[in-house]
Amino acid sequence: MSQLTESAAGFQKPLLSQGSRSILLHVGIVILLFLLYFALPVYHSGNLARILVLAVFAMGYNVLFGYTGLLSLGHALFFASGMYGFGLAIQFIDVVPIVAIIIGLLSAVVVSVVVGILALRTTGVAFMIVTLMFAQAGYLTVLLFGEYTRGDEGFNIHRSDRVLFGFDLSQATNRYFCALILFAICFFLTAWLVHSRFGKTLVAIRENEERARMLGYDIQRHKLIAVIISGALSGAAGVAYALLFGYAGASFAAVQYSILPLLYVLLGGAGTTIGPLIGTVFMFYLIDLSSDLASAYLSSEFASAYMLIAGIVLILLTLFAPQGFAGLLRSKCKWLP
Amino acid sequence: MSLISTRGLSKNYAGLQAVSNVDFNLPEGQVRALIGPNGAGKTTFVGMLSGRIKSSSGSVIFSEKDITKLPAHKRMTMGMAYTFQITSVFSKLSVHENVALAARRVIRDKPSVVNAKVTSVLEKVYLADRYDQIAGDLSYGHQRLLEIGMGLAQSPKLFILDEPTQGLSATEVEGFIELIRVLSENTTILLIEHNMDVVMKAAHYITVLNFGEILAEGTPDEIRANQSVQTAYLGSH
Ligand SMILES: Nc1ncnc2c1ncn2[C@@H]1O[C@H](COP(=O)(O)OP(=O)(O)O)[C@@H](O)[C@H]1O
Ligand SMILES: [Mg+2]
């Protein structure tokens, strides 16, 4: 009997409010990622640094796709704007890394303002096509100025240019923790954003744009700000990629880098804060594993069969978990942000 | 003192004259019913008041300002609220969040202030016990009430409702009439309504639209007695 009343009281007043559970989850994940570096073998912790940077890219994509409901096929442009803004500044103007980082971020913001203003004149499929065209134009621009960008071949960023506040970022530990700090900032930022009134309005626009407009919300303004936030986060990922891994190349401006964040977010769970990380980890290892498989069991001509294996797994996932991993989790725990 | 008025307001849909040359005045504080047969142009007309539909010609004046060229969201921020003929709520979000989205646009304050508003609105529309439900899981009638609640949460000066009682049960309709009575103490209401019982009980004044033109205007008794209205509308029921 006393047990019964106890559980009834427990039901009425959960141990932790929704908000503090969410904070605990986010802080917990960052602590886990911190500890993982010491627990994992070097090969995997190296991968994880790359995954964290790509997860920032995915989080940026998620703001627009997952929360605002706008499907862009041109996010490689924002990633590449950050990457080349930083890379070219450090290569050709004699600036310290922190200034180049700011230049990289600003390039991504400027590009997303321009793309946002123009692409948001369209909706739906037209929006997808317009963003794709902008990204292709960006890719071609990188190739066109091959004299500076070295086109597909790309260029390395000198080790001496990858020192930030005295930390040499070509060194594995520094690199990992720099990636983790960036990830944590963006992770908390998006978690805060989606709980803010602005974030909730984005969800309203995603769910029923006409109703949101007739509640008095300025839809175009909200969408434009969402594009800029999304572009800025993607650009930050691009800057970090060049800074941490010391390389900028045209392949990062190509169409597969527009598709990848979409896949990360779909797999992990669109419109969830932890989805992008889950999706990026999964996708990274899926490609890694299937290329191992392909090269182990197939002759080298078929090594690119990894794309086939990855593709099949993706199709199975979209069939059986259309909401992504975090979406599956959320159907169990409703409080997941 | 007109809260909203139109001069020569017209809408032409690729050759079809849905609304033609309407001069309309709605005094502050009034409950006005807009009636007329299907296809008379009622939805189109209120769509042009709210900015959801672009007018072909004519002008709309709200609170003494010409709002003809203003987009819909700006008109809403000036103190309008609008419910759709075909229920439109955020069906994947909770009942609470639906109303909170409406309240948050108006109340730029702490979440606790918004929550207090949401709670009081949900009580008014008889949905207080469904706070946590997903809006799409509500019955059709409850979704209509929710949408009305979203309008209330904006504390509008002018509340436009397009066939709000469609699909409500008899008791829900009674509740709605009572709601309008309470609301009309500080809100001007423009109501498109097919249920003549609601019109006669709730409206102070009636405008009859037929073939996109105003056929008659008057008090409920005057309209009931009007011969041309009888033939155009009431008789055809
Ligand atoms: N988007 C549209 N395109 C073309 N014709 C329309 C459109 N919307 C309404 N109409 C036509 O305009 C007329 C008035 O429609 P409506 O305003 O919905 O009438 P009511 O609300 O009085 O039933 C009807 O003949 C309808 O078919
Ligand atoms: Mg209608």
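Every heavy atom of this structure was used, including side-chain atoms; hydrogens, water molecules and symmetry mates were not. So you know, we letter chains A, B, ... as the sequences are listed, proteins then strands, and number each from 1.
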So, the part of Arg75(B) with a heavy atom under 4.5 Å from chain A: the answer is neither
By a 4.5 Å heavy-atom criterion (distance strictly below it), what part of Ala81(B) contacts chain A: side chain, backbone, both, or neither? neither
Report yes if the side chains of [X] and [Y] come closer than 4.5 Å at any heavy-atom pair, otherwise no.
X         : Y         : result
Asn208(A) : Ser88(B)  : yes
Glu207(A) : Leu93(B)  : yes
Ile205(A) : Phe90(B)  : no
Leu215(A) : Met150(B) : yes

Where the side chain of [X] meets the backbone of [Y], is there a donor-acceptor pair that is under 3.5 Å apart?
X         : Y         : answer
Arg211(A) : Val89(B)  : no
Tyr217(A) : Leu101(B) : yes
Arg52(B)  : Met214(A) : no

Which atom pair, heavy atoms only, marks the closest approach of Arg197(A) to Arg105(B)? NH2-CA, 4.0 Å
To the nearest 0.5 Å, what is the distance between CE on Met76(B) and CZ on Arg213(A)? 10.5 Å
Counting only heavy atoms not in Ile86(B), do more than 12 sit closer than 6.0 Å to its CD1 atom? no
